[in-house]
Structures are given as structure tokens and as C-alpha cells.
Amino acid sequence: MSAFCRQPGRARSPQAVSRLTACVALLLGLVLSSPIAFAQNFQSQAPYAVLLDSDTGAVLYEKAADELMVPASMAKLATVLVAFQDINAGRLTLDSEIGISENAWRKGGGPSGGSAMFAILNSRIKLSDILQGIIVQSGNDASIALAEAIAGDEATFGRIMTERVRGLGLTKSVFRNATGMGDPQQRVTARELALLADHIIKTYPELYKIFGQREFTWNKIRQQNRNPLLAMDIGADGLKTGNIDESGFGLVGSAVQNGQRLIVVVNGLKTARDRATEARKLLEWGFRAFERRQLFAAGETVGEASVYGGDKGRVALRSRSAVSLLLPRGSTERLAARIVYRGPLAVPVQEGAEVARLVVTRGDIKTLDIPLYAAESVQAGTLQSRTLDALFEATTGWVRKALSRS
């Protein structure tokens, strides 16, 4: 499907001052037969919830997804992210030894009364076991020890956690400790937890397998993985639960059925049973209620962007892979799509450069937001063409300014 709005001649969109939205008018007329918009009828009891399709990036359900909330032990996803990144960079190995300080033992171990690996004071433990202590047992002692080994102290490690998720494009979440213990400044969003989980799954597939481990024994104490989804026959293989008084019961989970991976986040529930029930309901609904539709084949032109001062007035835009999304079965909702970029683009434009994004919405839900790349290079045009472009920009600038203030 490659239909899009074409502007006549060398016309420019009137929003270059900020972000220019060029209408793609993809009447992705995927109106299905049933008059019932099934996706809109589903409701979760969770105060915060997101359901994400990993392959397409489509958000299938969201509720207060961008509101800040208390992560509790779900913050440990960022803790292990730092460790995974350091292993990948060669700064750590799975055989690296992590010391258990008195602070880690007293604040996060057996004496604390919280979730613990029950590591022995002043012992040294291989990182491979520390990771199991954090992921499977939700050990606060293991988390603090890891933070101290990497950063010297937990406060510094919290800043590193925040910096690392910023590097993934997560702009709202802030971490102050490695455990998820209560802190007035430690906040995340459900959407960003889902994106963090998706990154871990895709980037560290071997290390991710730890999240599916059903139990782990340390210091002769066997503990079951706290993730209730793993005991259900729904294809679950991760990720992490959380619960403190300020957060309620939360869960970041993932499951695979028939080659499709979904990621779910719920938080703020009253009981562990509610947490398990709502997470399972969302996953099962997502697997049965949606069907995949391909919008563009790999290499197919998605749209065009205007170019300023070039030997061509436009450049074709493509995605690097096939563009697909999931649509509710039986939905009458219309998809709307647009190309968003800062423009008109200034020359030179290099082939393969990321210059725009394709944004697809279904009702009020953004279901797709992917980068688009220039399909060809555009060099500087003749003096005459650049002069004409300059004149056009001068005469239409007032429109852009007016829109930028609206």
C-alpha cells in the first residue's frame, strides 16, 4: 500500500518552524466487517497499563501509560540493563566477582526483612549468580552489591541507571536506587517500562533467558521466581514484579504465542492476585483480539519530504524493513497516518539518512511510530532553483509562524 498525498510542483508544507507534518492521507481503509470496535470495549482494572506488540511496536492497549508512577522492584530492569551493557562492552564478565558489603547485607539482605538473595556478609559472588539473585529472587542485597561494584555507591549508580535509559530514548523515568525501594524522586511510566523490557529482550537474548528461570537456590535457600505468569500456560518467559506500599502491585511481563511476542505492564493493583489476573487478561486478549496487516513492503516508498535548495524538490522516503501493525479484529476504526519531519529538508540530503518518521494512529492511540530514511541523495540545485526556493520560503514564512504559535 503506497498511496500518499503529493503536493503539486515544489510546494512546501507550512510548518517548517517546528515539526512539519506532511499528510500521508493513507486511507488505510482497513474497515473490517463487524460493527463492533472490539478493542475499545476492553478495560483493565489496573490504574496503569500498557500492552505492546514487540515486532511492530504497536501499542494495543494503554491506560495512564505516560503518567509517572512508583516502580518498586520493576526498577531492577534498569539495574540489570546497566550490568548487561557492561558485559556487552567488556567491562564485566559473568565470572566477575561482586563483593557483599555490610551495607548491601544489612540494607538489602536477610536482616532487612525484604526480598533478598540471602548473600553472606563479606562473601564474593560471581556476577552470573548475582544476576540470578536479582532477576529470579528479586534480591535487594544482590542489587545493592552490583550497584556498589559498578559505581561505588548506590546513589551514583542510580544516576547511571537514569543516564543509560536516556540513551534508549526514555525521557521521563528517573532512578535513584538499584532496588526499587521507595524514593520520592524515583518514578517511571508504564510505556517506558515496556520499551525498556523490549530493548532487553531484543538486545540481550542470551542474558534474557534468566528472566524465564523458575527458581534459584543460594546459601541453601531455594526461592521461586516471583513472576506469576511463568506458572501459567501462556508462553510467558519474563520479566519482573514489584510491590511496595507506595506502588501497589505491579508487573512487567512478556509472552510468546505462535511467533508473536507481547509485552505487558500493569501497576497500582491492590493484591498480588489482581496483578496476575490483569496481566494475564491483557496478554490473552492481545493474542486473540488482533490481526497483523502489512502497510508497506520492504523497500517500498512510503511518502515524500520537501527539500529546500536542492536539485530535486522532494525526496522519497522508505522504511528499512516491511511496515506492519496489528489491528483489532472486527474494528470499524479508521487508521490515520502522517509523515512528520523538520522541513523542508536542507541539502545535501544523503541516501539512507533518517529524515522523518511515519506515525500511524488508531483513534486516540498511536499504534506505530517508526523512522523513515531518504531513498536517494539530493545535492544542491542551481542558483536559479535555490533563488526560487528562497522566495517561496520568504512568502510563506508568515504562515509557518502563525501555525507554530497555535
Side-chain angles (χ1 to χ4, degrees), residues 1-29 56-58 166-167 169 171 294-325 334-362 364-406:
M1 182 181 304
S2 60
F4 53 87
C5 285
R6 291 182 172 85
Q7 299 170 342
R10 296 173 62 81
R12 311 295 190 195
S13 172
Q15 295 187 36
V17 173
S18 55
R19 287 174 58 183
L20 176 87
T21 302
C23 172
V24 187
L26 296 170
L27 291 180
L28 306 173
T56 65
R166 290 290 180 275
T171 61
Q294 181 170 296
L295 305 183
F296 300 96
E300 186 176 0
T301 297
V302 174
E304 291 178 337
S306 296
V307 180
Y308 174 82
D311 56 3
K312 299 175 183 177
R314 299 182 189 81
V315 63
L317 304 174
R318 296 175 182 170
S319 172
R320 287 182 174 170
S321 59
V323 179
S324 301
L325 52 74
R334 176 180 293 179
L335 293 178
R338 67 188 190 275
I339 293 174
V340 182
Y341 63 105
R342 293 182 182 272
L345 304 176
V347 292
V349 178
Q350 298 298 323
E351 180 180 357
E354 180 181 336
V355 296
R357 301 191 71 83
L358 174 65
V359 179
V360 180
T361 55
R362 175 174 52 82
D364 294 330
I365 297 177
K366 182 192 294 184
T367 61
L368 195 67
D369 185 348
I370 61 170
L372 296 177
Y373 305 88
E376 56 185 334
S377 296
V378 181
Q379 305 302 324
T382 64
L383 177 60
Q384 181 182 13
S385 68
R386 295 199 303 272
T387 301
L388 290 173
D389 282 350
L391 287 172
F392 182 87
E393 290 302 306
T395 56
T396 59
W398 67 271
V399 178
R400 292 195 300 273
K401 292 178 181 178
L403 287 172
S404 70
R405 292 192 296 266
S406 61

Rounded to the nearest 0.5 Å, what separates atom [atom1] in [X] from atom [atom2] in [Y]?
X: Ile370; Y: Ser319; atom1: CD1; atom2: OG; result: 4.0 Å
X: Leu325; Y: Leu295; atom1: CG; atom2: CG; result: 4.5 Å
X: Gln379; Y: Gln350; atom1: CD; atom2: CD; result: 6.0 Å
X: Ser306; Y: Lys312; atom1: OG; atom2: NZ; result: 14.5 Å
X: Leu372; Y: Tyr341; atom1: CG; atom2: OH; result: 11.0 Å
X: Arg320; Y: Glu354; atom1: CZ; atom2: CD; result: 7.5 Å

Mind checking whether Glu304 and Ile339 have side chains closer than 4.5 Å, heavy atoms only?
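No, their side chains stay 4.5 Å or more apart.
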Shortest non-hydrogen contact between [X] and [Y], atoms and distance:
X: Ala375; Y: Arg318; answer: CB-NE, 3.4 Å
X: Ala337; Y: Leu358; answer: CB-CD1, 4.3 Å
X: Leu345; Y: Ala305; answer: CD1-CB, 3.8 Å

Using the side chain to side chain contact (heavy atoms under 4.5 Å, CB included) rule, pick out the option among Val315, Val307, Asp311 that qualifies with Val347.
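Answer after filtering Val315, Val307, Asp311: Val307.
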Hey, does the side chain of Arg357 reach the backbone of Asp369 with a donor-acceptor pair shorter than 3.5 angstrom?
yes
